[in-house]
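First up is the structure itself, then whatever we jot down about it.
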Amino acid sequence: MKSLIIANWKMNPITIGEAEKLFREVEKGLKDSKKAELVICPPFIYLPFFQNKKSLIKLGGQNCFFQDKGAFTGEISVLMLKNLKCQYILIGHSERRHFFSENNSLINKKIKGVLGKKLIPVLCLGESKADKEKGKIQAVLKKQLEAALKGIKKENIEKIILAYEPVWAIGTGKACSPDQAKIARIFLKKILSQKFSRSLAEKIIILYGGSVDSSNVQDFIKEAGFQGVLVGSASLNYQEFIKLVRLI
Ligand code: PGA
């Protein structure tokens with residue numbers, strides 16, 4: 001099975017010229033890549049420039065609003081993203097939770113909105129540094145997961161992708177150890193198995209995110225058993241990103 005590599009460009013780069021160059025270089029550098037499924041989540045405004053249906057790179061949104069249209073100043077709907085050929089949408093990224101006060105109930109509505117339009121939600125979960133120091137990793141993951149999945153039909157659960165992203169590892173250059181990430185991955189599977197069924201839990205794809213680069217990507221996929229990675233900073237440098245994908 002192919003590994004899923006999602007590049008989260010966040011609020012970068014600052015011009016369309018740079019964004020196009022980054023996208024085209026990745027496309028060119030990885031055109032013969034067979035082992036990975038590639039998704040790029042650029043800032044919304046760049047999506048119209050990346051509409052080539054034949055591209056090997058799939059598109060994703062970094063966020064969305066769950067209503068289709070209307071008086072929601074500053075928001076972008078799932079439907080708009082679908083019309084711009086997005087297939088994946090990141091939901092509940094820690095930067096959304098932290099800087100924009102997104103709570104579990106809003107995240108739950110967004111997941112339902114994404115599923116309702118038949119797109120794939122990538123639910124980001126992870127403990128903060130303080131949670132980790134207090135020994136609350138599993139309690140936090142359980143709470144975030146259960147709240148995000150509340151009221152979602154069993155047949156839809158398997159369409160959701162999870163991304164374990166410890167907040168303290170994001171953008172810090174200090175990735176989680178593969179052992180610790182593996183424990184979190186197994187724990188998430190256990191919760192899914194208890195809540196739904198073992199066979200359903202087995203089907204769910206779990207990614208790791210948080211300071212992934214070419215020096216550690218193999219640890220998460222080969223050692224810790226993740227089916228892919230969510231990459232922030234390292235996806236902004238095309239040489240580094242191409243190297244990372246080629247290592248899988
Ligand atoms: P990072 O970001 O790779 O820069 O740590 C990952 C993410 O926020 O998804």
Side-chain angles (χ1 to χ4, degrees), residues 3-14 18-19 22-23 26 36-44 46 57-64 81 86-102 107 110-111 114 120-129 131-132 137 140-141 144-145 148 160-178 180-181 184-185 188 205-221 224 226-248:
S3 296
L4 176 63
I5 317 287
I6 304 185
N8 175 14
W9 286 2
K10 309 193 182 182
M11 202 168 71
N12 300 290
I14 55 171
E18 291 166 279
L22 180 55
F23 194 90
V26 171
E37 178 98 343
L38 296 171
V39 180
I40 291 184
C41 303
F44 294 140
Y46 300 146
I57 298 169
K58 297 193 168 135
L59 295 174
Q62 296 177 14
N63 177 35
C64 65
L81 294 173
C86 282
Q87 297 180 45
Y88 297 79
I89 304 190
L90 305 182
I91 302 290
H93 189 280
S94 74
E95 286 147 20
R96 298 295 317 168
R97 294 180 194 252
H98 178 70
F99 295 112
F100 305 99
S101 309
E102 288 199 8
I107 288 164
K110 290 187 178 194
I111 292 185
V114 175
I120 302 169
V122 179
L123 169 65
C124 303
L125 311 151
E127 78 286 354
S128 67
K129 189 164 179 266
D131 297 329
K132 184 177 171 236
I137 301 179
V140 168
L141 291 180
Q144 289 179 344
L145 184 63
I160 300 173
I161 291 176
L162 303 184
Y164 171 58
E165 295 209 301
V167 181
W168 51 268
I170 295 178
T172 58
K174 290 185 196 131
C176 184
S177 73
Q180 199 185 318
R185 183 182 64 75
L188 289 169
I205 293 173
I206 306 188
L207 312 178
Y208 168 80
S211 296
V212 174
D213 59 24
S214 60
S215 74
N216 59 24
V217 65
Q218 289 184 322
D219 299 347
F220 294 106
I221 296 187
F226 287 87
Q227 281 159 287
V229 284
L230 181 47
V231 188
S233 337
S235 69
L236 296 172
N237 173 331
Y238 65 84
Q239 280 134 335
E240 167 64 5
F241 187 64
I242 291 168
K243 186 172 170 197
L244 180 162
V245 175
R246 287 197 176 282
L247 282 166
I248 285 166

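Counting convention: from 1, in listed order, for ligands and their atoms alike. Numbers here are sequence positions counted from 1. Treat the numbers as computed from the prediction; the structure is a model and nothing was measured.
With 3.5 Å as the limit, one finds a donor-acceptor pair spanning the side chains of Glu127 and Trp168.
Judged as a salt bridge (charged side-chain N to carboxylate O under 4.0 Å, His left out), and not counting sequence neighbours, Lys132 has no contacts. The ring pair (Phe, Tyr, Trp, His ring centres under 6.0 Å) check on Phe241 picks up nothing, with sequence neighbours excluded.
Every atom of ligand 1 is numbered from 1 in the order shown, and the set under 4.0 Å from a heavy atom of Asn8 is 9 (O). Under a 4.0 Å criterion applied to the non-hydrogen atoms of Gly210, ligand 1 contributes the atoms 5 (O). With ligand atoms numbered from 1 in the order given, ligand 1 contributes 1 (P), 2 (O), 3 (O), 4 (O), 6 (C) to contacts under 4.0 Å with heavy atoms of Gly232. Listed by number with element, the atoms of ligand 1 under 4.0 angstrom from any heavy atom of Gly171 are 1 (P), 4 (O), 5 (O). For ligand 1, the atoms lying closer than 4.0 Å to a non-hydrogen atom of Ser211 are 1 (P), 3 (O), 5 (O).
Taking any N or O of Gly209, backbone or side chain, none lies under 3.5 Å from an N or O belonging to ligand 1. Residue Leu230 has no N or O atom closer than 3.5 Å to an N or O atom of ligand 1. The shortest N or O to N or O distance between Ser233 and ligand 1 is below 3.5 Å.
In this structure, the side chain of Ser211 engages the main chain of Ala169 through a donor-acceptor pair within 3.5 Å.
For atom 2 (O) of ligand 1, the closest non-hydrogen atom of the protein is Lys10 NZ, 3.2 Å.
Smallest separation of non-hydrogen atoms from Phe220 and Cys176: CZ-O, 3.2 Å. Nearest heavy-atom pair, Pro121 versus Val114, reported as atom, atom and distance to 0.1 Å: N-CG1, 3.6 Å.
Heavy-atom distances between Ala234 and ligand 1 stay at or above 4.0 Å for every pair.
The side chain to side chain contact (heavy atoms under 4.5 Å, CB included) test with Ile5 singles out one residue from Val39, Val212, Val245, and that residue is Val245.
For atom 8 (O) of ligand 1, the choice among Glu165, His93, Glu95 with the nearest heavy atom turns out to be His93.
A 4.5 Å side-chain heavy-atom check between Lys110 and Asn63 finds at least one atom pair inside the cut-off.
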